[in-house]
> 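Please read through the structure below; I'll follow up with questions.
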Amino acid sequence: MLKLYGEEISSRLMLGTAQYPSPAILIDAIKTSKTEIVTVSLRREMSGAKSGEGFWSLIRSLDLRVLPNTAGCHTVKEAVLTAHMARDVFSTDWIKLEVIGNHDTLQPNVFALVEAARILTEEGFKVFPYTTDDLIVAERLLEAGCEVLMPWCAPIGSAMGPLNRYALRSMRGHFPEVPMIVDAGLGRPSHAAEVMELGFDAVLLNTAVAKAGNPVAMADAFAKAVDAGCSAYQAGMLEPRDLAVPSTPVIGKAVFT
């Protein structure tokens with residue numbers, strides 16, 4: 001069971017809700033994945049369009065926990081304001097905090113991220129910071145009051161999978177008790193299984209499912225991969241060896257003369 005800010009969550013797969021071909025496919029993908037948490041962008045809700053209102057009604061009908069995000073924010077002031085608006089709209093103090101620093105890579109501005117995280121935690125928000133795999137940044141976010149970390153494994157939407165396995169493994173090992181959700185850059189179910197095998201607690205993804213040829217089938221594949229990776233880590237995997245080790249006993253073997 002995964003525990004996030006005191007809340008127990010059964011599913012270790014979280015889904016974004018953007019870019020799906022249709023609301024019906026989105027619903028089917030969510031149900032198939034068995035996710036309990038979906039992320040929603042405030043910008044979609046504040047557009048004032050009837051489609052946005054209908055979308056929010058659809059999400060509420062699924063009885064899921066909503067994790068609103070500050071996607072598209074580039075400054076501390078903008079992120080904090082968006083978080084306050086999201087709390088009013090979605091009636092939750094959970095917030096996925098994004099403060100983007102680079103337009104091309106969508107890499108977080110970690111300096112602004114830490115500052116915004118400190119402000120929001122002091123105001124009662126439960127912050128899920130979208131960050132890099134840097135250990136020092138992680139320490140600063142925890143000092144700012146965050147109880148969960150969401151490191152990327154590659155740029156958002158790139159589908160490249162884990163680019164720096166050493167950094168991810170180091171982060172997991174350095175903060176063994178902190179819930180960590182790998183967010184951004186996962187493109188294949190095997191990527192999800194890989195980061196779960198490193199000991200991460202969950203994954204959050206959007207594009208890899210929403211833009212798949214069959215989003216519903218892909219949601220199912222990712223759900224199974226996350227479960228498999230988690231089970232493998234908990235079972236205790238055999239580490240790679242430099243030499244061959246026979247699986248057949250060599251002691252007591254038959255001798256032919």
Side-chain angles (χ1 to χ4, degrees), residues 1-5 7-16 29-30 32-39 67 96 107-108 128-135 137-139 141-142 146-212 215 217-245 247:
M1 188 72 72
L2 174 62
K3 183 172 288 188
L4 303 172
Y5 285 105
E7 298 287 338
E8 292 189 342
I9 309 296
S10 298
S11 174
R12 295 176 183 269
L13 173 61
M14 306 175 190
L15 290 180
I30 288 174
T32 298
S33 72
K34 295 182 173 60
T35 184
E36 298 171 44
I37 299 174
V38 294
T39 60
L67 177 62
K96 179 188 170 188
Q107 179 168 332
F128 293 68
Y130 163 61
T131 184
T132 63
D133 52 21
D134 187 281
L135 292 180
V137 176
E139 288 180 345
L141 288 168
L142 295 174
C146 297
E147 297 181 15
V148 176
L149 296 174
M150 300 184 75
W152 71 349
C153 72
I156 293 175
S158 67
M160 291 190 289
L163 294 182
N164 192 335
R165 292 164 180 78
Y166 171 79
L168 289 173
R169 188 186 297 272
S170 296
M171 176 174 275
R172 178 67 283 178
H174 199 72
F175 306 103
E177 304 302 322
V178 177
M180 291 192 190
I181 304 163
V182 173
D183 176 23
L186 298 168
R188 300 181 179 185
S190 58
H191 296 159
E194 182 176 356
V195 297
M196 293 302 292
E197 287 176 356
L198 292 176
F200 284 88
D201 299 286
V203 300
L204 191 159
L205 50 96
N206 188 151
T207 308
V209 172
K211 289 295 190 179
M218 188 60 73
D220 181 52
F222 267 102
K224 291 175 178 174
V226 168
D227 287 343
C230 182
S231 296
Y233 175 77
Q234 293 174 346
M237 295 175 294
L238 186 67
E239 292 299 319
R241 304 172 180 178
D242 293 331
L243 300 175
V245 178
S247 58

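Just the heavy atoms: all of them, side chains too, but no hydrogens, waters or symmetry mates, feed the values below. Just so it is clear, the model here is predicted, and its values are computed rather than measured.
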> I would like to know whether Asp227 and Arg12 meet side-chain contact (heavy atoms from CB on, under 4.5 Å); could you show each step before the answer?
CA-CA 8 Å; Asp227 287 343; Arg12 295 176 183 269; 5.6 Å; no
> Say you draw a straight line from CG of Leu142 to CD of Glu177; how long is it, rounded to the nearest 0.5 Å?
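Answer rounded to 0.5 Å: 12.0 Å.
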> How close do Ala154 and Met160 get, heavy atom to heavy atom, and via which atoms?
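Reported closest heavy-atom pair: CB-CB, 4.2 Å.
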> Could you tell me whether the side chain of Asp201 and the main chain of Ile181 form a donor-acceptor pair under 3.5 Å?
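Checked: no pair found.
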> So, Thr35 side chain and Ile30 main chain: donor-acceptor pair closer than 3.5 Å or not?
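It does not hold such a pair.
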> What I'd like to find out is whether the side chain of Ile9 reaches to under 4.5 Å of the side chain of Met14, using heavy atoms alone.
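Result no, sub-4.5 Å side-chain heavy-atom pair not found.
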> Would you give the length of the straight line joining atom OG1 of Thr131 to atom CE of Met171, rounded to the nearest 0.5 angstrom?
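That separation rounds to 6.0 Å.
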> What I'd like to find out is whether the side chain of Met218 reaches to under 4.5 Å of the side chain of Pro189, using heavy atoms alone.
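Result yes, sub-4.5 Å side-chain heavy-atom pair found.
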> Can you establish whether the number of heavy atoms outside Phe175 located under 6.0 Å from its atom CZ is more than 12?
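Yes - once you tally the heavy atoms of other residues, nucleotides and ligands closer than 6.0 Å, there are more than 12.
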> Side-chain contact test, heavy atoms from C-beta onward, threshold under 4.5 Å: evaluate it for Leu163 versus Pro155 and give yes or no.
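With C-beta onward as the side chain, the pair touches.
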> Do Tyr130 and Ile156 touch side chain to side chain, with heavy atoms closer than 4.5 Å?
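Contact flag for Tyr130/Ile156 side chains = yes.
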> Drop me the distance from Phe200's CZ to Met150's CE, to the nearest 0.5 angstrom.
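Interatomic distance, Phe200 CZ to Met150 CE, rounded to 0.5 Å: 12.0 Å.
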> Hey, does Arg172 have a side-chain heavy atom less than 4.5 Å from the side chain of Arg169?
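The answer is no, as the side chains (C-beta and beyond) never meet within the 4.5 Å cut-off.
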> Of all heavy-atom pairs between Pro151 and Asp133, which one has the smallest distance, and what is that distance?
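In terms of heavy atoms, the two residues are closest at CB-CA, 4.5 Å.
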> Rounded to the nearest 0.5 Å, how far apart are CG of Leu198 and CE of Met237?
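The CG atom of Leu198 sits 7.0 Å away from the CE atom of Met237.
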> Is Glu36 reaching over with its side chain to a backbone N or O of Ser11, donor-acceptor style, under 3.5 angstrom?
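Yes, Glu36 side chain to Ser11 backbone: donor-acceptor pair under 3.5 Å.
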> Taking C-beta and beyond as the side chain, do Phe128 and Leu4 meet within less than 4.5 Å on heavy atoms?
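Yes, close enough: below the 4.5 Å cut-off.
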> Looking only at heavy atoms, what is the nearest atom pair of Glu147 and Pro179, with distance?
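That would be O-CD, 3.3 Å.
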> How close do Ala208 and Gly187 get, heavy atom to heavy atom, and via which atoms?
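What the structure gives for the nearest pair is CB-O, 3.7 Å.
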> To the closest 0.5 Å, what do you measure between OG1 (Thr39) and CG (Leu204)?
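Result: 5.0 Å between the selected atoms.
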> Can you name the side chain to side chain contact (heavy atoms under 4.5 Å, CB included) partners of Lys3, sequence neighbours left out?
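Testing Lys3 for side chain to side chain contact (heavy atoms under 4.5 Å, CB included), a comparison that skips the adjacent residues, returns Glu8.
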> How long is the gap from CG on Leu15 to CG on Leu205, to the nearest 0.5 Å?
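It comes to 5.5 Å.
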> Could you check if a side-chain atom of Ile37 sits within less than 4.5 angstrom of a side-chain atom of Glu7, using non-hydrogen atoms only?
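With C-beta onward as the side chain, the pair stays apart.
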> Can you name the closest pair of heavy atoms from Leu149 and Ala138 and give their distance?
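Where Leu149 meets Ala138 most closely, the heavy atoms are CD1-CB, 3.7 Å.
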> Check whether any side-chain heavy atom of Thr132 sits under 4.5 Å from a side-chain heavy atom of Gln107, and report yes or no.
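Side-chain contact under 4.5 Å: yes.
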> Might you point out which heavy atoms bring Leu2 and Ala202 nearest each other, and give the distance in Å?
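Smallest heavy-atom distance, with atoms named: CD2-CB, 3.9 Å.
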